[in-house]
Amino acid sequence: MADVAQAANLTRATLYRHFSNRQTLLKAIQAEALTRAAETLHACRLDDGSALEVLRRVIGELGKHGMRFRIILMKASDSSPRFLTQRDQVLAPVVEVVKRGQREGDIRSDLSPDWIVTAMASLLIAAVRAAPTTKHSDVDVAELIFQTLVGGIATEKPKN
């Protein structure tokens, strides 16, 4: 809590007035992250363009929020069943994008859409966790994630 207070330019007393303990603070950050992700996905125009174009936008936009929510990603929130269930609900529209891409022949149909979206989320999390050791911009990281993901799921190499 002391580190969070210092990072937020608050006193510990002020932080404790809002959040009684570390767990309460982390839950609030998780809730905010999920809300931001849902809003971001809505803004990504999931019905506009091919599934691969949509995935590129989703990765780029979600990646922009990664560092803001790094604290929950570093504290292994991805192992919390409650958080994972909520994350899956937020990402459900992306699963539908993947299914559309499979129907249209752009995405391999031998892979589960849920698995593809889990792989995408895992790559985003890995990028945030590795951020302090990389010297890439957000745009570079988003493109690297997209190319890594699409290299494994696309039926043919995507056009840049």
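Predicted model only: the values in this text are computed from it and were never measured.
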### Summary
Residue set satisfying side-chain contact (heavy atoms from CB on, under 4.5 Å) with Glu39, at least two apart, ordered chain then number -> Thr35, Arg36
### Task
To the nearest 0.5 Å, tell me how far Thr148 OG1 sits from Leu123 CG.
6.0 Å
### Task
May I ask you to test the Phe83-Leu34 pair for a side-chain heavy-atom distance under 4.5 Å?
yes
### Query
Can you name the side-chain contact (heavy atoms from CB on, under 4.5 Å) partners of Arg82, sequence neighbours left out?
Lys27, Gln30, Ser80, Gln86
### Query
Taking C-beta and beyond as the side chain, do Leu144 and Gln147 meet within less than 4.5 Å on heavy atoms?
no
### Task
Looking only at non-hydrogen atoms, find the nearest pair between Ile145 and Ala127 and report the distance.
CD1-CB, 3.6 Å
### Query
Are Leu55 and Ile153 side-chain neighbours, meaning at least one heavy-atom pair lies under 4.5 Å?
yes
### Task
Would you kindly say whether Asn21 and Thr24 are connected by a side-chain donor-acceptor distance under 3.5 Å?
yes
### Query
Who are the salt bridge (Lys or Arg N to Asp or Glu O under 4.0 Å) partners of Arg108, not counting sequence neighbours?
Asp110
### Query
How far apart are the closest heavy atoms of Val90 and Ala38, and which atoms are they?
CG1-N, 3.7 Å
#### Entry: For Glu53, side chain to side chain donor-acceptor pair (under 3.5 Å) partners two or more places apart
none
### Query
Closest heavy-atom contact between Thr155 and Gly105?
OG1-O, 2.7 Å
## Note on the structure
Separation between CE (Met120) and CG (Leu91), nearest 0.5 Å, reads 5.5 Å
### Task
Please lay out, stage by stage, how Arg100 and Glu96 fare under the test salt bridge (charged side-chain N to carboxylate O under 4.0 Å, His left out).
CA-CA 6 Å; Arg100 177 169 57 90; Glu96 295 306 313; over 6 Å; no
### Task
Answer whether the closest heavy-atom distance between the side chains of Val95 and Val98 falls below 4.5 Å.
no
Show the atom names and distances, to 0.1 Å, of all donor-acceptor pairs under 3.5 Å that link a side chain in residues 41-49 to residues at least two apart or in another chain.
residue : atom : partner : partner atom : Å
Arg45   : NE   : Asp48   : OD2          : 3.0

Under 3.5 Å, which donor-acceptor pairs link side chains of residues 112-119 to any protein atom two or more places apart or in another chain?
residue : atom : partner : partner atom : Å
Ser112  : OG   : Asp114  : N            : 3.2
Ser112  : OG   : Trp115  : N            : 3.3
Thr118  : OG1  : Asp114  : O            : 2.9

### Task
Under the side chain to side chain contact (heavy atoms under 4.5 Å, CB included) rule, what do Arg57 and Val54 come out as? Steps first, then yes or no, please.
CA-CA 5 Å; Arg57 281 195 304 269; Val54 172; 3.4 Å; yes
### Task
Give the minimum heavy-atom separation between Gly60 and Ala142, together with the two atoms involved.
CA-CB, 3.7 Å
### Query
At what distance, to the nearest 0.5 angstrom, does CD of Gln89 lie from CZ of Arg87?
12.0 Å
### Query
Looking only at heavy atoms, what is the nearest atom pair of Ala51 and Gly101, with distance?
CB-CA, 3.4 Å
### Message
Restricting to non-hydrogen atoms, name the atom on Asp106 and the atom on Ser50 that form the minimum distance, rounded to 0.1 Å.
### Response
OD2-CB, 4.0 Å
